[in-house]
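Order of the sequence lines fixes the chain letters, A, B, ..., with proteins taken first and strands second; residue numbering starts at 1 for each chain.
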Number of protein chains: 2
Amino acid sequence: METERTSIWLRPERGSRGRAPEHTRDGIAAVAVRLADSAGLDAVTMRSVAGALGGGSASLYRYVESRDELVALMVDQVNGELDYTVLQHTDWLADLLALGRQSRDVYLRHPWLTDAPAATGDLGPNAVAYLEHALGAMRDLDVDGHRKLEAVGVFNAVVRLLARNEIEQRGTDPLDRRRQLAAAAQLAQGGAHPHLAAALSAPPVEPDVDQTERLLTRVLRGLLGA
Amino acid sequence: METERTSIWLRPERGSRGRAPEHTRDGIAAVAVRLADSAGLDAVTMRSVAGALGGGSASLYRYVESRDELVALMVDQVNGELDYTVLQHTDWLADLLALGRQSRDVYLRHPWLTDAPAATGDLGPNAVAYLEHALGAMRDLDVDGHRKLEAVGVFNAVVRLLARNEIEQRGTDPLDRRRQLAAAAQLAQGGAHPHLAAALSAPPVEPDVDQTERLLTRVLRGLLGA
DNA sequence: TAGAATAGCGAACACTGATCGCAATTGAGG
DNA sequence: CCTCAATTGCGATCAGTGTTCGCTATTCTA
């Protein structure tokens, strides 16, 4: 009856009384991230990761309880690519925007991250560091704590949304993009969707850092006031 | 060399010269949605859906080119549960909040929707209706069209984020929730994460319609001004 | 040095999405 | 009414997946 298992973040990385493992969690996650970077999250198979490590797939289960746990490891690993040490502390918005810019970079570097399943269970150490950093930026703000947490959640959702959008556009060549937009506009022109047609008639907005910062600024101003 | 396939929304539902199919796309999607509602998206297997329809799994591929297309059908189907006919047209915010409330209901009714993969390719008819409706609510707003589209995107992301949160909490009994929160607070109390500790010390915010509307209001005010 | 805990892993299991080819069914054109 | 081509339903099958089991080999602790 001891099917109750503890989170991977609380489980010790290795037992103290046996043979030494050949890999570390970070090493395994690094290999998996490399695979996902170059061939997508679907290419991260127990077999492919084990193969890249030079071992059998069954061995992976000495480190990880399931593939989902492996993905959780990957997510937290790339969350460790941000720099959580620099904080201006004179302008909370500027500090948050800097964080957003870093986060966006991570998404663009690891496109699979945008469609990694939402973290279930408890957060990894780097996710906690992310939270702490964001909250630190807001420390002088006179807002309830849990509302700050809400703000961080929305903040992250917006960064991910825009990054996903950028990645999608990056994968399509501009010619097809124009064609697609034109087709949509023509479809909307049929009269059934006048407002959509109007919206699409305006010149499109370039998705880039500036758009991200502009949107984040407005969203954060709305959420946190002033 | 004719591997080029067209989107399912443009493909005709049935050929005109052969035998009549036994099912409709909507019927298939409805069965799949019912399955997902009661057992999660993973329970939506080609075999299980075909079985529920009383046929073999290979037959499904006469209606759908892949499982992803089936999921796309499901998503658009539940997007059809919203009422796109009522629009006050006196207060854009109120109209958008009404849309958000409906959208939230859909997410809560179909929990799998929060982790359905983001729509790739072009939008289904109900997604287009959603867009048109949201843009209609904003018709008198003096804002660039593509910014309105951005706003709808963020709007939807926020609704989904909060719905996901609600669903997660709904699945956990309050006792465990308290315990989890206390554990996190204690972990943060270690001194390494002071701001996180502070944020968690405040009383938590109930996730419900009111929270959703409050957040949407602030976000939309920030994005669209006043 | 003995013993126990741990790591590595080949082989297997239960599934999955997807394909192929064939038989059954039907509508449209003569 | 008949023909025939288009289309559907689907059993069988394939390649690939996550995961488990049981064994062997290793190595730390006592």
Side-chain angles (χ1 to χ4, degrees), chain A residues 2-3 5-6 8 11-29 31-32 35-36 39-74 112 115-117 120, chain B residues 1-6 8 11-29 31-32 35-36 39-74 112 115-117 120:
Chain A
E2 353 104 38
T3 46
R5 299 300 290 142
T6 160
I8 194 176
R11 221 181 309 148
E13 174 139 14
R14 52 162 302 189
S16 53
R17 270 195 272 292
R19 158 182 173 186
E22 295 185 353
H23 309 285
T24 61
R25 283 178 189 164
D26 277 337
I28 293 173
V31 164
L35 265 169
L41 201 54
D42 287 343
V44 177
T45 307
M46 297 310 259
R47 277 171 248 260
S48 70
V49 173
L53 287 166
S57 72
S59 309
L60 268 187
Y61 288 92
R62 294 283 169 192
Y63 299 87
V64 140
E65 228 160 38
S66 68
R67 180 181 183 271
D68 285 348
E69 260 191 13
L70 173 60
V71 174
L73 244 45
M74 295 169 62
W112 51 269
D115 42 57
T120 179
Chain B
M1 292 289 187
E2 354 103 38
T3 47
E4 184 89 11
R5 298 302 289 142
T6 159
I8 193 175
R11 223 181 307 147
E13 173 137 16
R14 52 161 302 188
S16 52
R17 267 193 276 291
R19 158 183 173 185
E22 295 185 354
H23 309 284
T24 61
R25 281 179 191 164
D26 276 337
I28 293 173
V31 163
L35 264 169
L41 201 55
D42 287 344
V44 177
T45 309
M46 297 311 259
R47 276 171 249 260
S48 69
V49 173
L53 287 167
S57 72
S59 310
L60 268 187
Y61 289 93
R62 293 283 170 194
Y63 299 87
V64 141
E65 227 161 40
S66 68
R67 181 181 183 273
D68 285 349
E69 260 192 13
L70 174 59
V71 174
L73 244 44
M74 295 169 62
W112 50 269
D115 42 57
T120 179

Under the 3.5 angstrom rule, does the side chain of [X] hit a backbone N or O of [Y] as a donor-acceptor pair?
X: T24(A); Y: G27(A); answer: yes
X: R67(B); Y: V44(B); answer: yes
X: S57(A); Y: M46(A); answer: no

Could you tell me the separation between the [atom1] atom of [X] and the [atom2] atom of [N], rounded to a whole number of Å?
X: L53(B); N: dC10(D); atom1: CG; atom2: C1'; value: 14 Å
X: Y61(A); N: dA11(C); atom1: OH; atom2: P; value: 18 Å
X: E22(B); N: dC10(D); atom1: CD; atom2: C1'; value: 11 Å
X: M46(B); N: dC14(D); atom1: CE; atom2: C1'; value: 16 Å
X: R17(A); N: dT29(D); atom1: CZ; atom2: P; value: 9 Å
X: L60(A); N: dG18(D); atom1: CG; atom2: P; value: 10 Å
X: R47(A); N: dT17(D); atom1: CZ; atom2: C1'; value: 6 Å
X: H23(A); N: dT6(C); atom1: NE2; atom2: P; value: 19 Å

Would you mind classifying the nucleic acid contact of [X] as base, sugar-phosphate or nothing, using non-hydrogen atoms under 4.0 angstrom?
X: S59(B); answer: base
X: V49(B); answer: nothing
X: R67(A); answer: sugar-phosphate

Task: Between CG on residue L60(B) and CD on residue E69(B), distance to nearest 0.5 Å - done: 12.0 Å
Minimum heavy-atom separation for [X] and [Y], please, with both atom names.
X: E22(A); Y: Y63(A); result: N-OH, 3.1 Å
X: H23(A); Y: I28(A); result: CB-CG1, 3.9 Å
X: I8(A); Y: R25(A); result: O-NH1, 3.1 Å

Task: Nearest listed nucleotide, side chain of T45(B), among dG21(C), dT20(D), dT16(C) - done: dT16(C)
Open item on the list: Among dT19(D), dG21(C), dA7(C), which nucleotide has an atom closest to any side-chain atom of Y63(A)?
Closed with: dA7(C)
- [ ] Classify the side chain of R19(B) versus the base of dG9(D) as yes if they form a donor-acceptor pair under 3.5 Å and no if they do not.
- [x] no
Open item on the list: I want to confirm an ordering. Mapping R62(B) and A58(A) to their closest nucleotides on DNA chain C, which one lands closer to the 5' end?
Closed with: A58(A)
Open item on the list: If you assign R14(B) and S66(B) each to the DNA chain C nucleotide with the nearest heavy atom, which residue ends up on the more 5' nucleotide?
Closed with: S66(B)
TODO: Find the runs of at least 3 consecutive base pairs, i with j, i+1 with j-1 and so on, that include DNA chain C, using Watson-Crick or G-U wobble geometry with both distances under 3.5 Å.
DONE: C:1-30 with D:1-30
